[in-house]
Amino acid sequence: MICQNEAPLKSHPVATGRHPSSRLFRKTTVAVPREFSFQECLKFLARSDKERTHAVHPECVRKLIKIDDEPILFELRNMRHGFLEITFLNRLVPASIRSPVIEFVNEWLDLDTNLSPFYRFARKNSLLKQLTTNHYGLRLIKIPDLFEALCWAILGQQINVAFAYTLKQRVVENFGESFVFESATYWRFPTPETIAELQPADLLNLQFNRQKVEYIIGLARLMRDGNVSKQRLLEMSTLENAREALLNIRGVGPWTASYVLMRCLGFRSAFPIEDIGLHNALQRQLNLPRKPSLEEIRNMSAGWGGWQAYVAIYLYRSLL
DNA sequence: ATCCAGGAGTCCG
DNA sequence: CGGACTCATGGA
């Protein structure tokens, strides 16, 4: 019931008002690329029932974002025939908001990437062949918010993922911004400005250890003060330069840097090779008696044709 | 109970 | 520079 349309709606985009400049939209559409499966993306997004920065339902996903300092709650669903439908739930929006939302969706689900070369490449490699067959159409699902991506990686260091989601849920519900719609609450990850002002005890109470508290508050201050920004990282010409900049952040080591290069900054050749979850996934996919060594993985991944980040996402997916 | 978990910083030689 | 130690708690 949550995902049903409330009222009959005209074909998209639904506009009101007489003048083009004042048109308001309730819905819009996004074209999807080849090699795309909305259900595979939903499955990935639904990994944890403790995730609060989006809400997955059987046929759709809802997310709260902010555009021009305005909260925008939208719903994404499959339309078939190569389109996704975006419904603006909390208000009608002008084109000046519709465009950035479409842009956000494109980035979130990595819709601008042509996966045909990857899928052709994968046919020649038994591991990649089985991953792309089993999870056809899965995209590199991003965490577009740099602060959220870095915090999520830091939270995930050296603890099991289930507990990491518990910690993330607590941070979001204690310090994030929320919006209530139809008696459900939707959340945004807290801003650096908010976290930068916290006392260590605020996070220790949520069962963070002292290291993570120090890392996350320090990171929040760096970002609040403009010393670290997504734009600056994206302006760096190469993966190596962005990686160096990330490694300068206290609490960000090789794994976290690669993870964020992949999940937030969209570098398709980034690969968090130290990731225990990926080691387990590789062991299972390759039927190995033990986890592969770093050197074995380095050798394998060197042959993944610049699609390492996609391989990582498909490997994570294989664990669900 | 015991071991592991989608690591990173520090210290030591 | 490479290796050992510490952090610190939930899940299985």
Side-chain angles (χ1 to χ4, degrees), chain A residues 43-51 53 131 135 138 140-143 145-146 148-174 189 200-222 228 243-265 267 269-286 288-298 300-301 304 308-320:
Chain A
K43 174 80 179 175
F44 190 90
L45 288 166
R47 285 181 300 168
S48 171
D49 58 4
K50 294 180 176 173
E51 178 60 69
T53 61
L131 287 172
H135 310 300
L138 174 62
L140 172 48
I141 309 293
K142 307 266 192 55
I143 304 170
D145 180 335
L146 176 65
E148 178 181 352
L150 277 165
C151 287
W152 172 234
I154 290 169
L155 287 182
Q157 290 169 7
Q158 194 57 21
I159 59 176
N160 60 67
V161 181
F163 183 44
Y165 272 113
T166 300
L167 293 178
K168 183 180 180 185
Q169 177 185 1
R170 290 175 184 165
V171 173
V172 171
E173 292 187 346
N174 279 279
F189 196 81
D202 296 327
L203 292 174
L204 290 170
N205 288 338
L206 307 184
Q207 286 178 285
F208 282 61
N209 64 36
R210 296 185 181 282
Q211 274 184 333
K212 290 194 200 319
V213 171
E214 178 194 338
Y215 295 163
I216 284 172
I217 294 180
L219 168 67
R221 292 179 177 164
L222 284 175
V228 172
R243 181 184 175 77
E244 280 306 309
L246 287 168
L247 288 172
N248 282 330
I249 303 170
R250 182 166 173 79
V252 175
W255 175 81
T256 301
S258 297
Y259 189 86
V260 170
L261 287 168
M262 164 179 84
R263 292 294 309 276
C264 180
L265 302 176
F267 285 93
S269 61
F271 186 74
I273 193 167
E274 304 87 353
D275 188 306
I276 301 292
L278 294 178
H279 301 173
N280 291 332
L282 282 168
Q283 178 182 2
R284 189 194 292 188
Q285 291 298 311
L286 299 169
L288 304 175
R290 53 173 174 78
K291 288 193 235 182
S293 70
L294 286 181
E295 186 176 355
E296 288 170 326
I297 303 174
R298 244 189 299 277
M300 273 187 263
S301 60
W304 292 342
Q308 286 81 357
Y310 261 89
V311 178
I313 291 292
Y314 277 63
L315 285 170
Y316 286 142
R317 169 66 181 85
S318 73
L319 292 171
L320 301 185

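Labels below follow one simple rule: chain letters A, B, ... track the order of the sequence lines, proteins then strands, and each chain is numbered from 1.
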To the nearest Å, give me how far apart NZ (Lys168(A)) and C1' (dA5(B)) are.
18 Å
Tell me whether the count of non-hydrogen atoms from other residues, nucleotides or ligands lying under 6.0 Å of NZ in Lys43(A) goes above 12.
no
Starting at the 5' end of DNA chain B and moving along, which residue's nearest nucleotide shows up first, Tyr316(A) or Ile249(A)?
Tyr316(A)
Flag side-chain contact, heavy atom, 4.5 Å: Glu51(A) against Leu45(A)
no
Length of the line joining Leu278(A):CG and dG7(B):C1', which is rounded to integer Å
14 Å
Given DNA chain B, 5'-ward residue of the pair Trp152(A) and Val252(A), judged by closest heavy atom
Trp152(A)
With C1' as the reference atom in both, quote the distance from dG11(C) to dA8(B) in angstrom, rounded to an integer.
22 Å
When the ring centroid of Phe189(A) is compared with that of Trp152(A), is the distance short of 6.0 Å?
no
Counterpart residues, side chain to side chain contact (heavy atoms under 4.5 Å, CB included), relative to Pro292(A) (two or more places apart)
Leu282(A), Gln283(A), Leu288(A), Glu296(A), Ile297(A), Met300(A)
Using OP1 and OP2 only, check whether a side-chain N or O of Arg250(A) sits under 4.0 Å from dG7(B).
no
For atom CG of Asn280(A) and atom P of dC4(B), their distance in whole Å
12 Å
Side chain to side chain, Arg284(A) and Leu319(A), heavy atoms closer than 4.5 Å
yes
Distance check needed: dG7(B) P versus Leu246(A) CG, whole Å only.
17 Å
Answer yes or no: does a side-chain N or O of Lys291(A) lie under 4.0 Å from OP1 or OP2 of dC4(B)?
no
Taking CD from Gln157(A) and C1' from dG7(B), how many angstroms apart are they, rounded to a whole number?
5 Å
Distance from Tyr215(A) atom OH to Leu219(A) atom CG, nearest 0.5 Å?
12.0 Å
Shortest non-hydrogen pair, Leu261(A) vs Ala270(A), comes out as CB-CB, 3.7 Å
Span that lies between the P atom of dG10(C) and that of dG9(B), in whole angstrom
24 Å
How would you summarise protein contacts on nucleotides 5-12 of chain C per nucleotide, using B for base, S for sugar-phosphate only and - for none, with heavy-atom distances below 4.0 Å?
--BSSBS-
Would you classify Pro254(A) as touching base, sugar-phosphate or nothing, given that sugar-phosphate means primed atoms plus P, OP1 and OP2, and contacts are heavy atoms under 4.0 Å?
sugar-phosphate
